[in-house]
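This report concerns only the one structure given below.
On a predicted model such as this, the values are computed, not experimentally measured, just so you know. Every chain is numbered from 1 and lettered A, B, ... according to where its sequence line falls, protein lines coming before strand lines.
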2 protein chains.
Amino acid sequence: MGSATLDDVAKQAGVSAKTVSRVANGERSVRPETRERVLRAIEALDYRPNLLARGLSGAHAYTIGLVFDNPNAYYIIAMQQGALAACDDMHFGLQIRPCDSTASTLAEDLRDFVHRSRISGLVLTTPVSERTRALRKLAGYHIPFVRIISAARDPRDDIPCVYVDDRDAAYAITTHLLQLGHMRIGFLQGGKRHHASAERLKGYKDALQHYGLPIRDELMVEGDYVFDDGFRGARRLFDLAEPPTAIFGCNDEIAAGALAAAQSAGLSVPYDVSIAGFEDSPFSRHSWPPLTTARQRADIIVERATRMLIARIRDEPVDNEGFNPELVVRGSTAPPRPKSRQRKRR
Amino acid sequence: MGSATLDDVAKQAGVSAKTVSRVANGERSVRPETRERVLRAIEALDYRPNLLARGLSGAHAYTIGLVFDNPNAYYIIAMQQGALAACDDMHFGLQIRPCDSTASTLAEDLRDFVHRSRISGLVLTTPVSERTRALRKLAGYHIPFVRIISAARDPRDDIPCVYVDDRDAAYAITTHLLQLGHMRIGFLQGGKRHHASAERLKGYKDALQHYGLPIRDELMVEGDYVFDDGFRGARRLFDLAEPPTAIFGCNDEIAAGALAAAQSAGLSVPYDVSIAGFEDSPFSRHSWPPLTTARQRADIIVERATRMLIARIRDEPVDNEGFNPELVVRGSTAPPRPKSRQRKRR
DNA sequence: CGCACAATTGACAGCGCTGTCTTTATTGGC
DNA sequence: GCCAATAAAGACAGCGCTGTCAATTGTGCG
């Protein structure tokens, strides 16, 4: 009924429980013929190690935690898939853990989580990964973790991380718009809670500067990563005396809001105004027109981070790794209308 | 360093470990003053029970599993939130578990999952919850579970469930379109793997019948719950000699595809064609125009199912419960154009 | 005041596994 | 062929908790 235990297998194979344990955990010091016999017994009894017992007994539970505080459903799912793929592959368990990254007790909350379940380590995603103070405490508790952050280059500090160059991707998107001929490009900012927002803004500004264009305050609207802010922000841009011919939303949801604002204002995208997003979420693929955006493979990034964490737990050497989101050009961006015709519309 | 244990607390409070265990688990047979003393010690030592030890020792691990096999990110997140809310409230752990509902070993996979971690019970969501054969096996393994299914009424079988009346909601949406004056309504079907697809189709047909309208095969396009099928299906409908004046997509993603198809065909929504979805996902709120849809609170439904499961695990009596998605009218549906003008456009 | 009974509390084993240490088998070198 | 060195296998304790049952304390009542 309740599955077989180590002892059952040991009896069946005529060896000690410890030997079965060794085989089950792939330790090398077992003679091939013994291993064979044990494997047969495991097969015959359909034995599966009890993870609770293993975790309670061993040094740790061979389980990692994926920690997030992010309202973006696609992002979460992609991250979960990535972490799961790595964990399945490495025979680790996965505990998925939402949390409040703004809590003052963040470090303690995570510590309790880790201790209660003997979690072997944590993969921290943004914005949890940006709470430097909490991370320092966490490190103080000797909890291994890897963080995923938004940065242009390897921070080279003592905390292993995967860094995503949001600045560069935003630079690429802005450059794409500039090369299409847009001279006035609106930027809908993301929430300040995320470092990525600042990075993307930086990429936008850098590109303008590189092209010798002025950076205009009225073209950079503040907001958060939500549809409504995209909608409102875009409307504000449209209402300017001299509205932008292109709008770059800090993520796809913001861009979707801008798209809706354009359509509700009777503007045709991309003929009257170009719109670009960031993330390559289904939003960007499933809108009309589909959005030009930056593809960010959260699944692959998290999978990588998870593998790094497991390596770290096994005391193997790990190197930080960087990712560059990739420009994806779709139907929502096009050259601006010639001046003459643009005038007519107004 | 590593958190305090029961014994530490026991020593501090001057009682036995078992008494601390009783207090920690809220058992009643402890004198108030003793309880008080123990609670103080727990507080002082910042004690947190080790979940692995509790699970290994006790009859089960006070953890339930949420099982799903559904590509819809919003759905998954909503379900996770609902399950988590219930689990947090009832002091149960939650294991989130994607799976392959088409696997022939589904029942065995789930059994192994349950046994390995001493999971107390499972919440099965569609389409896993519809694999009747596997469920029967699962019940044979004495694994408690609650399933969420698409059904118009309480199935009154021996498996506890939460049932969602998709038929009724589809009926309501179709009726809404009929009452607006639409006489030809296209229906973009969902994948056959989900019972909900058939239920929704039934609701559509029932409503037409109720209004004395014929059910036309050419208006019911087959497909799956993906954007592209919505896009293609809608195009096929637009190409009919006599195209529908309204399209009902079996979920929001399909409807988003239809919306894109309309826009790409130069049709204005809702003036040239009305479009309705199903689910109330962000898709429906964040498109332009926003979609009329049926609100289905996956979070609340799953939370309810989770509470039922926990009640069941505690041998408390449980009654099946039904949910009715609620019609949400937004900008994507309107009366059809008067015939005369419609002609002009063609 | 003394007894039957109920309410509290504690002692102890054991959940199923792994870490440590010990014992036994095997190998290579002279 | 014998011994040291190494490899393989086993014995045993114990991870931190709960279930069971026994011991203790408190209660009501004649």
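With sequence neighbours excluded, no residue satisfies side-chain hydrogen bond (donor to acceptor under 3.5 Å, both in side chains) with B:Thr306.
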N/O donor-acceptor pairs under 3.5 Å from side chains in residues 153-164 of chain B, not counting sequence neighbours:
unit_1   : atom_1 : unit_2   : atom_2 : d
B:Asp154 : OD1    : B:Arg156 : N      : 2.8
B:Asp154 : OD1    : B:Asn320 : ND2    : 2.8
B:Asp157 : OD1    : B:Ile159 : N      : 3.3

Could you list the donor-acceptor pairs under 3.5 angstrom formed by side chains in residues 91-105 of chain A, with sequence neighbours left out?
unit_1   : atom_1 : unit_2   : atom_2 : d
A:Asp100 : OD1    : A:Thr102 : N      : 2.9
A:Asp100 : OD1    : A:Thr102 : OG1    : 2.6
A:Asp100 : OD2    : A:Thr102 : OG1    : 3.4
A:Ser101 : OG     : A:Asp69  : OD2    : 2.7
A:Ser101 : OG     : A:Arg193 : NH1    : 3.0
A:Thr105 : OG1    : A:Asp109 : OD1    : 3.4
A:Thr105 : OG1    : A:Asp109 : OD2    : 3.3

Pairs of donor and acceptor atoms involving the side chains of residues 31-39 of chain B, under 3.5 Å and at least two apart or interchain, shall be tabulated with distances.
unit_1  : atom_1 : unit_2  : atom_2 : d
B:Arg35 : NH2    : B:Glu27 : O      : 3.1
B:Arg37 : NH1    : B:Ala13 : O      : 2.8

Donor-acceptor contacts, no H, no angles, side chain residues 46-55 of chain B, under 3.5 Å, sequence neighbours left out:
unit_1  : atom_1 : unit_2   : atom_2 : d
B:Asp46 : OD1    : B:Arg48  : NH2    : 2.4
B:Asp46 : OD2    : A:Arg111 : NH2    : 3.2
B:Arg48 : NH1    : A:Asp112 : OD2    : 2.5
B:Asn50 : OD1    : B:Leu52  : N      : 2.7
B:Asn50 : OD1    : B:Ala53  : N      : 3.0
B:Arg54 : NH2    : B:Asn25  : OD1    : 3.2

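A salt bridge links B:Arg307 to B:Glu303: at least one charged side-chain nitrogen sits closer than 4.0 Å to a carboxylate oxygen.
Counting only residues at least two apart or on different chains, the salt bridge (charged side-chain N to carboxylate O under 4.0 Å, His left out) pairs with a member in residues 114-137 of chain A are A:Glu108-A:Lys137. The salt bridge (charged side-chain N to carboxylate O under 4.0 Å, His left out) contacts involving residues 70-82 of chain B comprise nothing, where partners must be two or more places apart or lie in separate chains.
The separation between B:Arg28 atom CZ and C:dT9 atom C1' is 17 Å, rounded to whole Å. Look at CG on B:Asn25: it is 8 Å from C1' on D:dT18, rounded to the nearest Å. As rounded to whole Å, 14 Å separates atom P of D:dA8 from atom CZ of A:Arg37. When rounded to the nearest whole Å, the span between OH of A:Tyr62 and C1' of C:dC17 equals 11 Å.
Considering only side-chain N and O atoms, A:Ser21 lies under 4.0 angstrom from the phosphate OP1 or OP2 of C:dT18.
Of the two residues near DNA chain C, A:Gly55 and A:Arg31, the one whose nearest nucleotide lies more 5' is A:Gly55.
Taking the C1' atoms of five terminal pairs at each end of the helix from C:dC1-D:dG30 to C:dC30-D:dG1, the two resulting helix axes are inclined by 30°, rounded to 10°.
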How does protein reach along nucleotides 10-16 of chain C, written 5' to 3' as B (base within reach of a heavy atom under 4.0 Å), S (only sugar-phosphate), or - (no contact)?
-> BB--BBB
